[in-house]
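The next block holds one structure in the form of structure tokens; read it before the comments.
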Protein chains: 2
Amino acid sequence: MTKQSVKERILETALDLFHEKGYHGVTIDKIVEAAQTSKGGFYHNYKSKDALLYEIHDVFISVVLKKTKEAYDTHETPIEKVVAMLYAFTYVFDYYQRHITVFYNEGTYLPDEYKEVINEKRTEYQKLIEQVISDGVEFGSFRKEISTSMTTMAIIGLVNWTYKWYRQNGPMTMQQITSYFNDIILRGIVTKEGYEEALKQQLLIIE
Amino acid sequence: MTKQSVKERILETALDLFHEKGYHGVTIDKIVEAAQTSKGGFYHNYKSKDALLYEIHDVFISVVLKKTKEAYDTHETPIEKVVAMLYAFTYVFDYYQRHITVFYNEGTYLPDEYKEVINEKRTEYQKLIEQVISDGVEFGSFRKEISTSMTTMAIIGLVNWTYKWYRQNGPMTMQQITSYFNDIILRGIVTKEGYEEALKQQLLIIE
DNA sequence: GTGTATAGACCGACTAGTCGGTTTGTAAAA
DNA sequence: TTTTACAAACCGACTAGTCGGTCTATACAC
């Protein structure tokens with residue numbers, strides 16, 4: 001039985017509530033009531049409601065970035081890297097779906113100072129994906145005529161959109177979804193050689 | 001020079017502001033000031049702020065649904081239909097980007113009564129895409145082992161995510177983006193026969 | 001061991017400001 | 001005269017944040 005600090009309880013509760021009702025649909029009074037603490041308890045642990053929103057953003061993007069970097073660094077070929085990076089996101093997804101929802105829905109409301117910090121990390125994440133794509137083109141795994149930036153946006157879109165419909169207790173696990181998306185994306189961008197490699201690595205779904 | 005009614009001016013202004021600052025980042029006072037009218041003008045034309053939010057949602061989803069249906073009905077083969085449906089979305093996109101942003105970011109805040117109406121149309125839209133995919137599998141254009149529902153979500157995600165990064169005056173037109181996405185998706189799901197058909201119809205990007 | 005000083009954690013009544021919505025007023029149209 | 005279309009002052013509920021104060025724990029003196 002883990003003793004949860006008040007700060008942790010506030011964060012957890014806020015995540016649940018934000019996820020369900022949105023940032024502006026939840027008052028601090030509601031949070032402290034649900035977290036069984038008080039206004040004082042809240043402001044002792046967080047500077048403001050915005051600061052709490054920032055914390056949620058930062059926790060999420062930091063983990064994504066870290067896991068994605070790891071995936072990039074610990075794999076050899078571009079194909080392996082892309083696939084690993086998507087699985088990294090999967091990993092994050094299962095534990096951070098509430099964060100993601102807040103991240104993409106309420107980001108507009110972050111005060112500028114906070115927004116900058118977050119955007120830097122977000123850009124870094126994007127750059128990583130672009131890097132893999134252009135690596136893959138150079139390497140001969142991905143077709144020369146694909147656009148690095150658009151392919152990146154396609155991948156990010158495909159993956160991120162999951163937060164809108166994925167349910168933990170739905171019929172599909174994130175593993176399954178990701179392997180499916182990997183299949184579609186890979187088929188969409190590989191060269192003949194890339195296709196052979198992906199086949200050999202069992203990254204494609206076949207009959 | 002079209003004479004714009006107060007109602008239209010309010011809607012246009014609200015769209016701009018919501019797009020930029022989010023629904024809760026904009027007060028009615030700000031709207032009426034920017035639209036050069038008054039509180040009275042606003043409440044004469046709209047029942048409430050929520051009703052305005054609903055109107056934005058409804059205008060958008062109705063157009064999407066209509067255009068998608070048309071695309072479905074006026075084309076023959078599943079491949080042509082998918083492609084046409086994505087282009088339909090493109091068409092909508094260029095004129096309705098602000099609506100889309102509001103639709104996907106602020107939908108949580110729609111009162112339940114409104115939400116139901118919107119969700120019905122949204123489901124209908126989704127069903128249409130699912131239909132085309134399963135048509136395509138039956139028809140032999142798309143691979144048998146693909147999942148209808150996940151492919152649908154993949155397509156919707158890919159396309160919808162565009163609202164997060166597309167800029168009217170950016171380097172790419174929505175036409176270009178859509179044809180690019182069509183390429184990736186088609187390659188991702190077609191059979192050999194489907195591939196041949198897509199090639200013949202010049203739906204794939206080749207070197 | 002016992003009393004005392006101090007710091008950090010937490011409480012909750014209160015406030016100042018905000019914002020959606022209402023009411024009253026008015027000029028032109030019908 | 002009545003209705004429509006808007007203007008502008010106003011209201012009251014709500015909410016983020018404050019502030020004086022209490023409670024608990026630990027460290028240290030005696």
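In the text below, chain A, chain B and the rest are named by the order of the sequence lines, each starting its count at 1. Values in this document were obtained by computation on a predicted structure and should not be read as measured data.
Between D/dG17, C/dC10, C/dG20, one nucleotide has an atom nearer to the side chain of A/Val6 than all others, and that is C/dC10. Counting only heavy atoms from C-beta on, A/Ser38 has its side chain closest to C/dC11 among C/dT22, D/dA16, C/dC11. The side chain of A/Lys49 lies closest to D/dA16 when the candidates are D/dA7, C/dG20, D/dA16. The side chain of B/Ile28 has C/dG20 as its nearest neighbour among C/dG20, D/dA8, D/dG17.
Using a cutoff of 4.0 Å between basic side-chain nitrogens and carboxylate oxygens, A/Lys21 and A/Asp16 are not scored as salt-bridged. Between B/Asp58 and B/Lys121 there is a salt bridge, since at least one side-chain N of the basic residue sits less than 4.0 Å from a carboxylate O of the acidic one.
Rounded to whole Å, atom P of C/dA9 lies 14 Å from atom CD of A/Glu8. Residue B/Lys21 contributes atom NZ, which lies 16 Å from atom C1' of C/dC19 at whole-angstrom precision. The interatomic distance linking A/Glu33 (CD) with D/dT15 (C1') rounds to 15 Å, in whole Å. Between the CG atom of A/Asp50 and the C1' atom of D/dA16 there is a distance of 10 Å, given to the nearest Å. Atom P of nucleotide D/dA8 and atom CD of B/Gln36 are separated by 12 Å, given to the nearest angstrom. The distance from atom NZ of B/Lys7 to atom P of D/dC6 is 11 Å, rounded to the nearest whole Å. Whole-Å rounding puts the A/Asp29 CG to D/dA16 P distance at 7 Å. Atom NZ in A/Lys30 sits roughly 16 Å away from atom C1' in D/dA16 (whole-Å rounding).
Within the 4.0 Å cut-off from OP1 or OP2 of C/dA9, not a single side-chain nitrogen or oxygen of A/Asn45 is found. Neither OP1 nor OP2 of C/dG12 sits under 4.0 Å from any side-chain N or O of A/Lys39. Contact between the side-chain N/O atoms of A/Thr37 and the OP1/OP2 oxygens of C/dC11 is found at a separation under 4.0 Å. Listed pair A/Ser48 / D/dA16 fails the phosphate criterion, with no side-chain N or O lying under 4.0 Å from OP1 or OP2.
Taking the six-membered ring for Trp and thresholds of 30 and 60 degrees, A/Tyr104 and B/Trp161 have ring planes more than 60 degrees apart, a perpendicular arrangement. Ring planes of A/Phe103 and A/His57: tilted class, angle from 30 to 60°. Ring geometry, A/Tyr96 versus A/Phe60: the interplanar angle falls from 30° to 60°, so the pair is classed tilted.
Mapping A/Val26 and A/Gly40 onto DNA chain D via the closest heavy atom, the residue that lands nearer the 5' end is A/Val26.
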